[in-house]
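Read the structure below first, then the notes.
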Amino acid sequence: FHDIPALQRFNHIPGSRYITRKDHISNGLGDMVAKFKDDYDFFPESYVFPKQRNLLKQRILELADRKRDLWIKKPVASSRGKGVGLVNEDDIMMVLSRRPNGSKSISKKKGIK
């Protein structure tokens, strides 16, 4: 902040991506869920794609015999709802069968069957 001229305005605070980007939030809260599961039961099951591609695929295969769940996909560095949508396991498996082409955060939608 020392290098910013007195009358210059800015809208990005250095280091704020850890609380504003979906992939960083997912990773941070995922760590907290692993340590304090009962206290973080509000956080949905989430995967950052393509980094957690294999974990996501394994989880979808585990859920194959159950009722179809909806998941939310969110591009990690977009804003204003661009690219946000609902997907089911079939959609996710179709994406997993292709080459990864960018990061996305995929979260299980709680309460929708």
Side-chain angles (χ1 to χ4, degrees):
F1 294 111
H2 299 289
D3 298 333
I4 298 173
L7 297 177
Q8 182 176 348
R9 294 183 183 175
F10 62 96
N11 64 356
H12 291 283
I13 298 171
S16 67
R17 69 180 176 271
Y18 297 106
I19 60 171
T20 59
R21 285 200 30 177
K22 295 165 205 72
D23 54 339
H24 291 292
I25 291 172
S26 180
N27 290 334
L29 285 175
D31 291 345
M32 296 304 286
V33 167
K35 292 178 185 176
F36 308 105
K37 187 173 184 160
D38 293 337
D39 295 324
Y40 285 84
D41 62 349
F42 64 89
F43 184 64
E45 182 178 352
S46 300
Y47 300 89
V48 177
F49 186 83
K51 179 178 156 188
Q52 296 175 322
R53 175 188 191 96
N54 293 334
L55 289 174
L56 176 59
K57 186 173 185 174
Q58 178 183 344
R59 183 64 174 141
I60 295 299
L61 292 173
E62 289 172 5
L63 297 172
D65 295 337
R66 294 186 180 180
K67 220 177 180 180
R68 291 296 197 213
D69 288 324
L70 287 177
W71 296 69
I72 302 170
K73 70 170 179 77
K74 301 177 182 181
V76 296
S78 290
S79 62
R80 300 182 308 234
K82 290 182 205 167
V84 174
L86 294 176
V87 293
N88 61 30
E89 284 91 347
D90 294 334
D91 298 330
I92 294 171
M93 288 306 286
M94 188 177 358
V95 170
L96 289 173
S97 68
R98 291 182 274 171
R99 264 183 90 115
N101 63 347
S103 291
K104 290 194 177 15
S105 178
I106 299 176
S107 300
K108 188 173 180 183
K109 178 72 174 131
K110 287 190 172 188
I112 294 181
K113 300 284 181 198

In this structure, CG of Asn88 is separated from CD1 of Ile60 (nearest 0.5 Å) by 9.0 Å
For Ile25 and Phe43, which heavy atoms make the closest approach, and how far apart are they? O-CZ, 4.5 Å
Assess the residue pair Tyr47 and Ser26 against the criterion (side chain to side chain contact (heavy atoms under 4.5 Å, CB included)); give the C-alpha distance rounded to whole Å, side-chain angles, the decisive distance to 0.1 Å, and a yes or no. CA-CA 7 Å; Tyr47 300 89; Ser26 180; over 6 Å; no
Determine whether a donor-acceptor pair (N or O, by modelled atom type, separation under 3.5 Å) exists between the side chain of Gln58 and the backbone of Asn54. no
Kindly compute the distance separating CD (Glu89) from CZ (Arg59), expressed to the nearest 0.5 Å. 9.5 Å
Which distance, rounded to the nearest 0.5 Å, do you find between the CZ of Phe49 and the CG of Asp23? 13.5 Å
Asn27 side chain to His24 main-chain N or O, any donor-acceptor pair under 3.5 Å? no
Side chains of Ile92 and Trp71: closer than 4.5 Å at any heavy-atom pair? yes
Shortest non-hydrogen contact between Gly83 and Lys73, atoms and distance: O-NZ, 2.8 Å
I'd like to check Leu61 versus Met93 (side-chain heavy atoms, cut-off strictly below 4.5 Å). Are they in contact? yes
Stepwise, does the side chain to side chain contact (heavy atoms under 4.5 Å, CB included) test hold for Leu86 with Ile72? CA-CA 5 Å; Leu86 294 176; Ile72 302 170; 3.8 Å; yes
